[in-house]
Amino acid sequence: MFILEIFQKNEYLTDVGISVADYVDVEIYLNPSSNSTVLSSLVKVGESSNTLEPGYHKIKITPTKLTGNDFAIVVKQKSKNGIFYFSIETAVPNTVFENVKSSENSYYSLDGQSWNKINDLSITGINMKDADVCIKAFTKFEEETEEDKFYSSVYQIDETTIMKITHKTRIEDFLNNIITNLEVKIYSEDGNEVTDQNEIMKSGMKVKLSNGKELTAVVRGDLNGDGLLDLIDLSRITLHYVGSDLCILEGAYLKGADLNYDGKINLIDMSQLIVTYVNL
């Protein structure tokens with residue numbers, strides 16, 4: 001199910017607030033230049049990191065410059081039971097909400113193609129004339145935006161990976177070695193968020209930033225994704241080096257085997273791994 005609201009321009013959209021009435025996953029779409037809701041004009045700018053509980057949630061999105069006089073925010077709700085609800089706000093007599101007025105820019109849709117105006121609904125006991133869906137836009141002016149920062153004097157960071165992480169590095173210590181103004185979350189290789197900061201970093205873990213960027217962690221010498229350096233890693237680098245079909249290193253494990261960072265896996269890397277293991 002989809003709900004949307006049309007707003008007036010205010011430079012950069014950074015967060016979207018939404019009230020949900022059931023347990024749902026949501027995706028946030030934006031038309032930054034007009035109030036058109038044609039799917040081809042919408043850009044996905046964010047999503048919930050996990051299933052949302054009923055209530056209000058503020059979701060950080062990829063900061064997006066608004067270029068039109070109006071812009072449209074579309075929230076796609078995915079329900080696990082196939083039943084859909086959406087929250088509204090409206091005037092309620094004899095309460096602090098009695099003077100609420102509708103912007104008449106709220107719509108809902110079951111397929112994202114055909115849209116129905118909220119104010120055209122007729123629900124007994126509810127003033128739908130002054131109703132809006134519960135979507136809030138949070139913006140910043142251009143001069144208030146800050147350039148994304150994500151760097152480290154300890155680790156080697158490129159567009160896709162974070163290298164030079166030593167084995168047995170706790171997530172808390174890893175994050176303390178990062179200088180950033182972004183929100184950082186750590187996910188296991190199979191996509192589950194890791195919230196225990198006493199867990200250790202492992203090759204293949206995903207480092208997700210609030211600007212939408214995702215980096216892969218490479219722990220030096222960790223060739224099986226356990227964050228340690230042991231005989232298993234020694235056997236894997238040996239099998240890979242001799243060309244055995246029993247172990248062909250790829251991705252983060254291949255980069256983790258390059259202990260001297262020369263782009264090759266050879267006897268130098270094997271000897272460095274052995275020396276490091278012997279000195280544990």
Side-chain angles (χ1 to χ4, degrees), residues 1-8 10 12-66 68 70-90 102-119 121 123 126 128 131-140 182-188 190-195 206-214:
M1 182 173 187
F2 300 77
I3 56 175
L4 82 85
E5 189 154 6
I6 297 169
F7 300 84
Q8 291 186 331
N10 194 6
Y12 275 83
L13 184 69
T14 59
D15 302 83
V16 171
I18 177 174
S19 292
V20 296
D22 200 0
Y23 291 87
V24 295
D25 298 301
V26 303
E27 297 176 356
I28 311 294
Y29 294 84
L30 173 68
N31 181 343
S33 59
S34 77
N35 57 18
S36 172
T37 57
V38 177
L39 289 180
S40 60
S41 68
L42 300 176
V43 178
K44 183 178 177 180
V45 292
E47 62 185 349
S48 55
S49 58
N50 46 43
T51 299
L52 302 181
E53 298 180 348
Y56 178 79
H57 302 270
K58 186 177 179 182
I59 301 173
K60 185 170 291 293
I61 66 166
T62 302
T64 305
K65 187 173 184 177
L66 306 172
D70 298 318
F71 63 96
I73 296 175
V74 176
V75 177
K76 180 181 179 180
Q77 298 187 19
K78 296 184 286 185
S79 169
K80 295 186 181 300
N81 58 19
I83 301 175
F84 297 95
Y85 305 91
F86 58 88
S87 301
I88 63 169
E89 54 186 9
T90 189
S102 172
S103 64
E104 298 189 6
N105 283 323
S106 293
Y107 300 81
Y108 69 96
S109 172
L110 293 177
D111 58 9
Q113 302 279 353
S114 176
W115 294 92
N116 305 283
K117 202 166 190 176
I118 291 292
N119 309 104
L121 287 173
I123 301 176
I126 298 178
M128 294 304 296
D132 282 318
V133 295
C134 295
I135 300 176
K136 306 298 180 186
F138 294 86
T139 60
K140 287 183 179 181
L182 301 170
E183 182 181 5
V184 182
K185 292 185 178 182
I186 309 297
Y187 288 78
S188 63
D190 56 6
N192 296 313
E193 184 177 359
V194 182
T195 57
K206 303 300 179 182
V207 180
K208 296 188 178 183
L209 312 182
S210 55
N211 63 1
K213 194 170 184 178
E214 179 179 295

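Reckoned from all heavy atoms, side chains included, excluding hydrogens, waters and symmetry mates.
In this structure, the side chains of Ile135 and Val16 come closer than 4.5 Å at one or more pairs of heavy atoms. Looking at heavy atoms from C-beta onward, Pro54 lies in side-chain contact with Tyr23 at the 4.5 angstrom threshold. Side-chain atoms of Trp115 and Val74, non-hydrogen and from C-beta on, do get closer than 4.5 Å to each other. Contact annotation: the side chain of Lys136 approaches that of Tyr56 to within less than 4.5 Å [non-hydrogen atoms, C-beta and beyond]. Taking the side chain as every heavy atom from C-beta outward, Ile186 and Val207 approach each other to under 4.5 Å. Between Phe71 and Thr64, the closest side-chain pair of non-hydrogen atoms is not below 4.5 Å.
For the atom pair CG of Leu13 and CD1 of Ile28, the computed distance is 9.5 Å after rounding to the nearest 0.5 Å. Atom CD1 of Ile73 sits about 12.0 Å away from atom CG of Asn105, to the nearest 0.5 Å. Distance CG/Asn50 to CG/Asp25: 8.0 Å, rounded to 0.5 Å. Lys140 NZ to Thr14 OG1: the interatomic distance, rounded to the nearest 0.5 Å, is 6.0 Å. Here the straight-line distance linking atom CG of Leu182 with atom NZ of Lys60 works out to 8.5 Å at 0.5 Å rounding. Within the model, atoms CG of Asp15 and CD1 of Ile59 stand 9.5 Å from one another, a figure rounded to the nearest 0.5 Å.
Under the 4.0 Å criterion applied to side-chain N and carboxylate O atoms, Lys208 and Glu193 are not assigned as salt-bridge partners. A salt bridge does not link Lys78 with Glu47: none of the charged nitrogens is closer than 4.0 Å to a carboxylate oxygen.
Side-chain N/O atoms of Thr62 and Asn211 include no donor and acceptor closer than 3.5 Å. Using modelled atom types and a 3.5 Å distance limit, the side chains of Ser33 and Asn31 yield a donor-acceptor pair.
With Ser48 contributing its side chain and Val26 its backbone, the two residues share a donor-acceptor pair below 3.5 Å. With hydrogens and angles disregarded, a donor-acceptor distance shorter than 3.5 Å links the side chain of Ser109 to the backbone of Ser114. At distances below 3.5 Å, at least one donor-acceptor pair connects side-chain atoms of Asn119 with backbone N or O atoms of Met128. At least one donor-acceptor pair under 3.5 Å links the side chain of Ser106 to the backbone N or O of Val133.
Across Tyr108 and Lys117, no two heavy atoms sit closer than the pair CE2-O, 4.2 Å. For Ile88 against Cys134, the heavy-atom pair with the smallest separation is C-SG, 3.5 Å. For the residue pair Glu183 and Lys185, the shortest heavy atom distance occurs at OE2-CE, 3.1 Å.
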Let me see the working for Val184 and Leu209 under side-chain contact (heavy atoms from CB on, under 4.5 Å), right down to the final yes or no.
CA-CA 5 Å; Val184 182; Leu209 312 182; 3.9 Å; yes
